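From a predicted model like this one, the values you see are computed outputs, not experimental measurements.
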Amino acid sequence: MALDPIQLLINYNTRVTNNSFMFNMFQKEVEGAHLSLYVFNVTNAQEFMSGEDHSLNVQEVGPFTYAEIRQNIDIDLDEEAGELEFTPNMKLRFVPEQSVARPEDVIVTVPNLALLSVASLVSSLPFFIRNTFKLLFSTLNCKSITTIDVYSFLWGYSDPLISQAYNIVPGIVYFDKFGIMDRLYDNKTIYRMRVGIRDEDRFSIKTLKKYMKSDNWMNERALESYKYKNTYEGAAYPPGLNVETPINIYRLGVCRELNLEFHGTKNMEYGGDAWIYRISNETFNRDCAAGVCGMMDLSSCTYGIPITMSRTHFLETDPKIYERIKGINPDPSKHDSHFLLEPNIGISLSTSLSLQMNMNLADLRFSDKTEMFSDLVLPVAYIKVVQQDVFDALYGILRTIHVTAPITLISIEVTMFLIAVAILAYSGLLLYRRSKCKAKKKAYAKLNLRQNLPLIQCQLTKT
């Protein structure tokens with residue numbers, strides 16, 4: 001009645017201590033989530049740039065799927081402080097069987113992100129600097145919409161404009177190439193993460209520090225440092241969750257937390273209920289004060305480039321945001337995100353996270369190369385992150401926790417209760433016999449005084 005032995009066993013077996021199962025698993029290289037990327041291909045480039053079409057027509061091309069391969073290195077376990085510090089090392093492996101084609105073989109027509117990025121960065125600078133870049137755009141014959149293979153679009157390509165801009169305003173332009181995945185998986189950056197390991201805060205991110213990659217990076221000062229609360233990477237959580245426990249999700253590269261909301265339960269085949277979570281509306285509306293409603297502003301971690309994250313196909317976003325974009329078809333069954341959690345163990349059973357990358361462009365009318373993109377929220381691509389199925393590996397454990405163990409526990413409780421009742425009944429019987437014997441002894445004692453009979457002894461069975 002006082003303790004839940006099943007939860008105690010769960011807490012013990014999911015502890016993070018030296019040589020424990022969880023700690024040994026934490027050090028292994030594992031294949032994690034699969035990322036499917038979809039690129040928005042422009043279908044009316046000439047008409048849009050000429051002004052014939054006021055709207056940009058796009059069509060998604062994909063998926064191009066990659067598997068995340070992760071290993072945590074430089075691990076420092078401090079059991080006394082209840083913390084674990086490590087460096088997540090991430091690499092991607094292309095998964096051709098889950099892709100439409102190899103990204104090198106697919107050609108798409110897309111906005112020139114290098115041009116639009118530089119134009120956005122200098123759009124608020126003094127007049128003479130904007131004019132310098134306007135001349136530079138013309139000299140280099142920059143095209144606002146370009147044709148490129150998907151691999152270069154995702155992983156970055158060298159552009160003379162970026163090289164020139166880097167030399168002209170190195171304090172404004174920090175990068176020498178531009179690509180979607182290159183920005184999200186920046187191989188020039190090292191992250192150092194500290195998480196909790198106690199039952200109440202297990203795997204919650206405490207701090208995250210960002211370093212520039214070098215041979216001596218651990219002895220250098222962090223470029224950026226963040227503190228978090230109730231924030232997790234999305235794979236594991238504290239055991240024994242309750243509905244009131246606040247949960248935020250953090251993914252490397254996105255650099256902003258995703259706040260989750262509880263949306264009910266789902267009866268699972270292993271016999272228990274899993275908890276369903278969705279990304280809250282507050283996540284995408286926290287930057288409304290900065291004029292970015294329905295989207296997360298990521299410019300602080302993308303070198304000032306006005307990149308935003310929204311729900312895929314602007315799902316649940318004000319249609320005015322994409323009124324100049326044709327080909328946007330939000331569908332909750334395809335584009336929504338959900339997280340399925342097992343609360344007793346504190347593990348993610350299923351994850352489908354869908355996020356869209358956009359460029360929130362400012363007034364770019366200082367150049368005829370970019371004026372058609374002025375004040376436009378430009379969809380670039382979207383990513384769908386799907387966690388690999390864990391049911392086969394965990395089914396037996398979950399079945400034991402939710403079915404076998406409770407039945408066994410109830411059986412033990414009932415058996416012990418019946419034994420206790422039997423013992424109490426037998427004890428009562430012994431007390432009854434003793435009282436009867438004492439009464440007889442007393443009666444015989446009185447009779448003995450008159451008739452001189454031998455005394456009787458009360459014989460009780462020894463137990």
Side-chain angles (χ1 to χ4, degrees), residues 4 6-7 10-11 14 32-34 36 199-205 228-251 254 256-286 294-296 309-318 329-356 382-407:
D4 182 354
I6 297 175
Q7 192 62 52
I10 291 172
N11 292 351
T14 58
H34 281 200
S36 296
D199 288 347
E200 64 272 13
D201 65 356
R202 192 168 299 163
F203 304 116
S204 66
I205 302 172
Y228 296 100
K229 187 177 181 181
N230 302 317
T231 301
Y232 308 85
E233 287 196 87
Y237 306 86
L241 286 173
N242 60 67
V243 177
E244 288 75 30
T245 304
I247 296 178
N248 301 299
I249 297 296
Y250 174 87
R251 277 193 63 82
V254 176
R256 297 286 297 274
E257 310 106 289
L258 306 173
N259 175 252
L260 301 190
E261 283 182 340
F262 178 75
H263 271 259
T265 61
K266 179 181 180 181
N267 186 256
M268 305 299 289
E269 58 195 49
Y270 55 76
D273 287 338
W275 292 359
I276 303 170
Y277 286 82
R278 294 180 66 244
I279 302 176
S280 70
N281 290 328
E282 184 268 337
T283 297
F284 298 102
N285 291 320
R286 63 177 65 145
M295 297 174 285
M296 287 190 297
M309 279 283 188
S310 67
R311 288 188 171 96
T312 300
H313 276 255
F314 296 108
L315 180 68
E316 297 182 17
T317 304
D318 187 347
N329 302 298
D331 182 347
S333 64
K334 295 180 181 179
H335 305 135
D336 202 3
S337 301
H338 75 268
F339 302 80
L340 204 60
L341 274 61
E342 203 294 315
N344 296 79
I345 299 179
I347 194 168
S348 176
L349 298 177
S350 172
T351 296
S352 179
L353 171 63
S354 190
L355 294 172
Q356 180 173 300
Y382 74 86
I383 303 172
K384 190 167 187 176
V385 182
V386 178
Q387 174 187 309
Q388 294 305 287
D389 192 1
V390 298
F391 281 107
D392 290 341
L394 294 177
Y395 181 84
I397 297 174
L398 294 172
R399 184 77 178 173
T400 299
I401 291 172
H402 290 278
V403 179
T404 309
I407 292 174

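- Atoms CG and OG, on Leu340 and Ser352 in that order, are 11.0 Å from each other to the nearest 0.5 Å.
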Practice problem: For Leu349 and Trp275, run side chain to side chain contact (heavy atoms under 4.5 Å, CB included): C-alpha distance rounded to whole Å, both residues' side-chain angles, the deciding distance at 0.1 Å, then the answer. | Solution: CA-CA 10 Å; Leu349 298 177; Trp275 292 359; over 6 Å; no

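- Between the CD atom of Glu261 and the CG atom of Asn281 there is a distance of 6.5 Å, given to the nearest 0.5 Å.
- Residue Asn285 comes nearest to Gly294 through the heavy atom pair OD1-N, 3.0 Å, listed as atom of the first residue, atom of the second, then distance.
- Applying the side-chain hydrogen bond (donor to acceptor under 3.5 Å, both in side chains) rule to Ser354 yields the partners Thr312; only residues at least two apart in sequence or on another chain are considered.
- A tilted orientation is assigned to the rings of Tyr250 and Tyr228, their planes being inclined by 30° to 60°.
- Contact detail for Ser350 and Gln387: the closest heavy-atom pair is N-NE2, 3.8 Å.
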Exercise. Apply side chain to side chain contact (heavy atoms under 4.5 Å, CB included) to the pair Ile205 and Asn248, showing each step before the final yes or no.
Key: CA-CA 10 Å; Ile205 302 172; Asn248 301 299; over 6 Å; no

Exercise. Given side chain to side chain contact (heavy atoms under 4.5 Å, CB included), test Leu260 with Phe339 step by step and report yes or no.
Key: CA-CA 9 Å; Leu260 301 190; Phe339 302 80; 3.5 Å; yes

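- The backbone N or O of Gly240 sits nowhere less than 3.5 Å from a side-chain atom of Asn344 that would complete a donor-acceptor pair.
- Taken from CD1 in Ile279 to NE2 in His263, the straight-line distance is 10.5 Å, to the nearest 0.5 Å.
- Under the 4.5 Å side-chain criterion, counting only non-hydrogen atoms from C-beta, Phe262 is not in contact with Thr245.
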Practice problem: List the steps, then state whether side chain to side chain contact (heavy atoms under 4.5 Å, CB included) holds for Asp331 with His313. | Solution: CA-CA 8 Å; Asp331 182 347; His313 276 255; over 6 Å; no

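- Distance alone, capped at 3.5 Å, places no donor-acceptor pair between the Arg256 side chain and the Met309 backbone.
- Residue Glu316 holds its CD atom at 5.0 Å from CZ of Arg278, rounded to the nearest 0.5 Å.
- A donor-acceptor contact shorter than 3.5 Å links the side chain of Ser280 to the backbone of Asn259.
- In plain terms, the two heavy atoms of Val385 and Arg251 that are nearest each other are CG1-NH1, 4.0 Å.
- Minimum interatomic distance between Ala236 and Phe203 (heavy atoms only, all atoms of both residues): CB-CD1, 3.5 Å.
- Listed by first then second residue, pairs satisfying side-chain hydrogen bond (donor to acceptor under 3.5 Å, both in side chains) with a partner in residues 230-241 read Arg70-Glu233, not counting sequence neighbours.
- Put simply, NE2 on His335 and NZ on Lys384 are 7.5 Å apart, with the number rounded to the nearest 0.5 Å.
- In terms of the side-chain hydrogen bond (donor to acceptor under 3.5 Å, both in side chains) criterion, Asp318 has no residue partners (sequence neighbours excluded).
- Checking each of Thr351, Thr283, Leu258 against Ile249 for a side-chain contact (heavy atoms from CB on, under 4.5 Å) leaves exactly one that passes, namely Leu258.
- Atom CE of Met296 is separated from atom CZ of Arg311 by 10.0 Å, given to the nearest 0.5 angstrom.
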